[in-house]
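Written below as structure tokens is the structure these notes are about.
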Amino acid sequence: MKIIMDEITLCSMTRELCHRFFRDFENDPAVFCDADDRKEYQYSKEQVDLYFDRQKKQHRIVFAIMREGVPIGEIQLKDIDETKKECTLSIHMQNDRQKGKGYGTIAEQLAVDYAFEVLGMETVNADTLLKNERSRRVLEKAGFQCVGRDEHFWYYRKRKKG
């Protein structure tokens, strides 16, 4: 499956794309949660295989964010609740070279459109760490509204129009 807008494409994450994504992945200091996250990321085939397998077992849809045939991010629709018609969006860009160019905003818009139009969701939720200002701006540019916060996270929601 492919979803296209401008130069950004979402396609179903495959094992090969997952490895291509994580080979050039870099930890983002804006999203460090604890001391273990502060370690420099080191690619491991075995760890990526475990990650990929774990994502496939959970009730979620995982897309690779593609630009010019190269995976530059990962976006997920998870916690899919068909009864409540809502799910949660999460996004990870590969490294700082992919940030600040609008790619994440486009990817979020594409994923939300997929949630509404294909999955039949009425609401898409998202959250971000309090200190991750970049993620907050991306969510707001993609049309999400802030609905609250706690000691760790800002919480956002986007409802289907009409």
Side-chain angles (χ1 to χ4, degrees), residues 1-14 16-33 37 41 48 51-52 55 58-81 84-150 152-162:
M1 162 192 22
K2 273 191 166 177
I3 307 168
I4 302 169
M5 180 184 282
D6 297 324
E7 57 188 287
I8 298 299
T9 303
L10 298 186
C11 65
S12 295
M13 182 65 85
T14 64
E16 176 189 345
L17 288 173
C18 193
H19 281 282
R20 288 175 59 197
F21 170 69
F22 278 109
R23 278 189 198 106
D24 290 326
F25 183 82
E26 296 172 4
N27 276 339
D28 183 346
V31 296
F32 287 152
C33 292
D37 289 338
Y41 172 79
V48 172
Y51 174 81
F52 180 81
Q55 300 309 307
Q58 297 174 0
H59 192 57
R60 56 183 63 194
I61 297 170
V62 183
F63 293 108
I65 303 168
M66 304 292 289
R67 181 172 178 268
E68 298 176 352
V70 176
I72 62 167
E74 171 191 76
I75 195 161
Q76 300 184 18
L77 297 171
K78 57 188 183 179
D79 304 325
I80 298 168
D81 186 326
K84 291 182 178 178
K85 295 191 177 290
E86 66 181 40
C87 62
T88 301
L89 177 136
S90 71
I91 185 171
H92 299 96
M93 298 305 285
Q94 188 176 50
N95 52 50
D96 281 345
R97 294 182 301 279
Q98 311 305 335
K99 298 175 184 173
K101 297 180 169 105
Y103 304 148
T105 303
I106 293 169
E108 286 186 4
Q109 291 168 338
L110 290 169
V112 167
D113 288 347
Y114 182 88
F116 291 156
E117 296 168 17
V118 177
L119 299 179
M121 299 290 111
E122 298 290 330
T123 303
V124 177
N125 300 302
D127 58 60
T128 187
L129 290 168
L130 292 179
K131 63 183 178 177
N132 193 344
E133 289 297 320
R134 184 183 290 166
S135 181
R136 290 188 67 203
R137 283 193 306 276
V138 170
L139 286 166
E140 290 165 3
K141 284 194 287 186
F144 283 80
Q145 301 296 314
C146 185
V147 294
R149 66 172 272 186
D150 62 20
H152 302 288
F153 294 96
W154 288 101
Y155 295 96
Y156 283 82
R157 179 172 294 137
K158 185 170 184 176
R159 296 192 189 278
K160 185 175 182 179
K161 295 179 183 173

**Prompt:** Would you say the side chain of H19 lies within less than 4.5 Å of the side chain of F52, judging by non-hydrogen atoms?
**Reply:** no

**Complete:** Taking every heavy atom of V124 against every heavy atom of A115, the minimum-distance pair comes out as CG2-CB, 3.7 Å

**Minimum-distance pair of heavy atoms, taken over all atoms of I91 and A107** = CD1-CB, 4.3 Å

**Message:** Less than 4.5 Å apart, side chain to side chain, heavy atoms only: is that true for K160 and M121?
**Reply:** no

**Item:** Residue pair N132 / W154, side-chain heavy-atom distance below 4.5 Å
**Value:** no

**Item:** Heavy-atom side-chain contact between F21 and I65 under 4.5 Å
**Value:** no

**Request:** Mark yes when over 12 heavy atoms from residues, nucleotides or ligands other than K101 sit less than 6.0 Å from its NZ; otherwise mark no.
**Result:** yes

**Asked** Are E74 and F25 close enough that some pair of their side-chain heavy atoms sits under 4.5 Å apart?
**Response** no

**Asked** Does any non-hydrogen side-chain atom of M66 lie less than 4.5 Å from one of L17?
**Response** yes

**Prompt:** Any donor-acceptor pair under 3.5 Å linking the side chain of N125 with the backbone of E86?
**Reply:** no

**Request:** Could you check if a side-chain atom of D150 sits within less than 4.5 angstrom of a side-chain atom of Y155, using non-hydrogen atoms only?
**Result:** yes

**Request:** Determine the minimum heavy-atom distance between E108 and A142, stating which atoms define it.
**Result:** OE1-CB, 3.6 Å

**Request:** Name all residues meeting the salt bridge (Lys or Arg N to Asp or Glu O under 4.0 Å) criterion together with R157; count only those two or more places apart in sequence or in a different chain, and write none if there are none.
**Result:** none

**Request:** With sequence neighbours left out, write down each residue that passes side chain to side chain contact (heavy atoms under 4.5 Å, CB included) with K85, or none if nothing qualifies.
**Result:** E122

**Message:** Would the distance check show the side chain of K158 and the main-chain N or O of V112 forming a donor-acceptor pair, the cut-off being under 3.5 Å?
**Reply:** no

**Request:** Indicate yes or no: does E133 engage R136 in a salt bridge with an N to O separation below 4.0 Å.
**Result:** yes

